[in-house]
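Read the structure below first, then the notes.
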Amino acid sequence: MNTFIKTAIFFIILSTSLGVFSQSRTDNIRRKLDSLSVDMPGLLQPVDLSVDGVTMNDFIRGLAISNNVNVAINGELNDVVENNFSGVKVIDVFVFLCDNHKLDIKVIGNIIVFSHYQEPSAVEKPYSPKKPDIRWDSADSLLSFDLQNDSLIYVSREIVQKTGLNILLAPDIRGRKVNGYIQNVDLMTGVEKLAFMNGLSFEITQDGYAQLSAEKTEKNTSTDNQKNNGKNTNSKQQGAEAGIEIQATGNSNRFNISAQDATISEIVSAAAGTSGNPCIQLTEVKDKITLQMNNVSFDELLPVILSGSSAIYKQTDSIYIIGDKGNQTLRSCRVIQFQHRSVIDLSKSIPEVFKQNITVTEFPELNSLIISGPELALNSFAEFLRDIDKNVPQVLIEVIIIDQQTSHTVKTGINAGIGDAPATTQGQLFPSTDMTLGADAINSILNSLNGFGAINLGRVTQNFYITLSAMESNGQVNIKSTPRLSTLNGTEATMSIGNTEYYLEESNNVIGSQNPQNIITKQYRSVQADFVMTILPIVHGDDQITLNITVEQSDFTGRISPSAPPGKVTRKFTSSIRIKNQEMILLGGLEEKSSDDSGEGTPVLSRIPVIKWMFSSRTKEKSKKRLSVFIRPIIIY
């Protein structure tokens, strides 16, 4: 990243400097022409002209002749001019030509000399050594470095100071620049690989010094070039002997390649040499393939030929490193942050084919996945993660629950009897009749009837009573609730409304045989009656929603005894429907009906019409409960 930032800053400064330099050059030309306009007024004359396919020489010469301007042309200015000017001064036309066609002028007296502009030669910046990027883990004795055109003498000095290993450099290699990338390797191995990557010879002296020299490079130049660069004739011959043909195209770093039953290592070496890409093969890939590819780059070739092998590659700056999949140096780590969905339990939904050779760790604090593995596998896995990072719809579910209860009860009858004590006349006559008549009230009624002719009904005892009942009741109860549930697509939403009742449970334990003792334990236990609704929404691409709905309602019934647990009745249904967004549906059918017609009376007489009302009491009761559920889903993005 530091290299990228430095490069970007360099190009910004360079482009800014070029723009400023170009502007200053144009201003300098205008000042020269302005100084001549006093002695040469033709420079200030406006002109109207239109030319097409005229050379620069003829255009400048014709413009100077028509406006009495002295010009000279140094060299051949053969650029074709196609311009249309109206009311433009001659001086502005000359400045335009110099700026757009890279011309320069020189003033000699009152003569303007035109010539091609020569770019000033760049001043080469002297080399300034930088501090090499070398890291030493003293706890595990592991060496890491990232070198890019660093001075060998400064690199060796930094390694000596940090590790304590003395390094001897041959006199003829002290001015060399070295490149390489190594991470967490043994000290001697790291120095040996540094020498190998830069074509140097490495050996350990008898007194324990690491010695680097250029002998290997001088003696085996062609061999090393075949292994590392593949740019010379010997490398091309090696590729030809292995059945590999490579032909460079007109595009930079692109080539045509064909191979017949050649090893991957041979193909990589030949392709790296032709394209000029530095490549390090830590292990030899002996898998053989046959291929034919045209106009391909080295970056496009590597994923293709390594995809089915046991090798992977990693690009560090401009260097390609190839090795076994188990090599930790070639593994990379990335943090993939999700923008639209949660990463919790996401790794369980990823197909195993994408997670081969890749370690996936959830990082909920940043809503990210930490993935590590071979670079090639990470690229395809990261692309898959970007494909599934889509906006997950939010579903708002509006629910209307209506519980309707109706009842109708009729109770009639006459009860007569003798009690333990005289009854008191009391009760209600209107709007319903529920009256108890004592002996005094009954005797008063009988006395009033005894005065009509020969009728004498007599009297009743003091403990006699009559109960009259004539009642009718109607009831209707509507209970309406409007809860709202909100959930993500594919996630269940649950609503529960419950009631709890308790009952007493006693246990009697007898302890001991000679002197038994009864221990009575009382414990209150609970019984739950709930209304539970579970909805699973699944949003489709055509603005429709599938709802998997489960509704369960439980109610308490009467107890068989005061301490017994209450009875319970349960109603349940499950439904799966598909509706459009913001449409409402009705789910009903949970209906409970009950009917009770009971009575008691004098045998035979209680069944005779009309008379039965005097000799019986009856109770008729009807009730109905109906549950209706309205559901309306709304998709929210």
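Please read these numbers as outputs of a predicted model, since none were measured by experiment.
Between D186 and K193, no side-chain nitrogen of the basic residue sits less than 4.0 Å from a carboxylate oxygen of the acidic one, so the salt-bridge criterion is not met. Ion pair R135/D133 flagged as a salt bridge, since at least one NZ, NE, NH1 or NH2 atom sits closer than 4.0 Å to an Asp/Glu carboxylate oxygen.
Annotation: side chain of I244 is in contact with side chain of E266 (closest heavy-atom distance under 4.5 Å). Between F531 and I401, the closest side-chain pair of non-hydrogen atoms falls below 4.5 Å. A 4.5 Å side-chain heavy-atom check between I280 and Y181 finds every atom pair outside the cut-off. When side chains are defined from C-beta on, W136 does not count as touching L142, because their heavy atoms never get closer than 4.5 Å. Put simply, the side chain of I545 reaches to within 4.5 Å of the side chain of P633, judged on heavy atoms. With a 4.5 Å cut-off on side-chain heavy atoms, F381 and I371 count as touching. Side-chain contact check for I267 versus I305: some heavy-atom pair is nearer than 4.5 Å. The side-chain heavy atoms of T263 and D287, taken from C-beta on, include no pair separated by under 4.5 Å.
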Before you tell me yes or no, could you show the steps for D345 and K348 under salt bridge (charged side-chain N to carboxylate O under 4.0 Å, His left out), namely the whole-Å CA-CA distance, both residues' side-chain angles and the distance that decides it to 0.1 Å? CA-CA 6 Å; D345 294 332; K348 299 178 181 178; 3.7 Å; yes
When you look at I402 and F630, which way does the side chain to side chain contact (heavy atoms under 4.5 Å, CB included) test go after all the steps? CA-CA 8 Å; I402 299 177; F630 295 85; 3.8 Å; yes
Given F196 and F202, is the ring-ring contact (aromatic ring centres under 6.0 Å, His included) satisfied, shown in steps? CA-CA 8 Å; F196 171 76; F202 170 81; over 10 Å; no
Using the side chain to side chain contact (heavy atoms under 4.5 Å, CB included) rule, take H340 and V392 through it: C-alpha gap first, then chi angles, then the decisive distance, then the call. CA-CA 7 Å; H340 305 291; V392 180; 5.7 Å; no
Could you please spell out the steps behind the side chain to side chain contact (heavy atoms under 4.5 Å, CB included) verdict for I336 and R386? CA-CA 9 Å; I336 307 297; R386 284 191 293 268; 5.6 Å; no
Could you give me the CA-CA distance, side-chain angles and deciding distance for L291 and V304, then say whether side chain to side chain contact (heavy atoms under 4.5 Å, CB included) is met? CA-CA 10 Å; L291 63 86; V304 174; over 6 Å; no
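For the atom pair CG of L200 and CZ of R176, the computed distance is 5.0 Å after rounding to the nearest 0.5 Å. With rounding to the nearest 0.5 Å, the separation of CG in L302 from CG in N277 is 8.5 Å. The line from CD1 of I577 to CD of E583 is 10.0 Å long, rounded to the nearest 0.5 Å. Atoms NZ and CG, on K177 and N149 in that order, are 6.5 Å from each other to the nearest 0.5 Å. With rounding to the nearest 0.5 Å, the separation of CG in L187 from CG in L165 is 5.0 Å.
Looking at N367, its side chain does come within 3.5 Å of a backbone N or O of F338 through a donor-acceptor pair. Using a distance-only test at 3.5 Å, with no hydrogens or angles considered, no donor-acceptor pair links the side chain of D543 to the main chain of N581. Between the N100 side chain and the F96 main chain, a donor and an acceptor come within less than 3.5 Å of each other. For Q211 (side chain) and I167 (main-chain N/O), no donor-acceptor pair under 3.5 Å exists by modelled atom type. Between the N179 side chain and the D150 main chain, no donor and acceptor come within less than 3.5 Å of each other. Between the side chain of T274 and the backbone N or O of A271 there is no donor-acceptor pair closer than 3.5 Å.
For the residue pair S265 / E284, no side-chain donor-acceptor distance below 3.5 Å is found, with atom types taken as modelled. Using modelled atom types and a 3.5 Å distance limit, the side chains of E492 and T534 yield no donor-acceptor pair. With hydrogens and angles left out, the side-chain atoms of N184 and S144 include a donor and acceptor closer than 3.5 Å. Residues D299 and S297 bring no donor and acceptor atom of their side chains to less than 3.5 Å of each other. Of the N and O atoms on the side chains of Q292 and N294, at least one donor lies less than 3.5 Å from an acceptor on the other residue. In this structure, a donor-acceptor pair under 3.5 Å is present between the side chains of S486 and Q394.
Under the salt bridge (charged side-chain N to carboxylate O under 4.0 Å, His left out) criterion, R341 pairs with no residue at all, not counting sequence neighbours.
Results of the side-chain contact (heavy atoms from CB on, under 4.5 Å) test with L536 over T491, N548, T546 single out N548 as the only residue that passes.
Ring geometry for F298 versus Y320: interplanar angle over 60°, hence perpendicular rather than tilted (30 to 60°).
Under a cut-off of 6.0 angstrom, the local environment of NZ in K162 is crowded, with over 12 non-hydrogen atoms contributed by other residues, nucleotides or ligands. Within 6.0 Å of atom CD1 in I344, 12 or fewer heavy atoms from other residues, nucleotides or ligands are found, so the atom counts as exposed in its surroundings.
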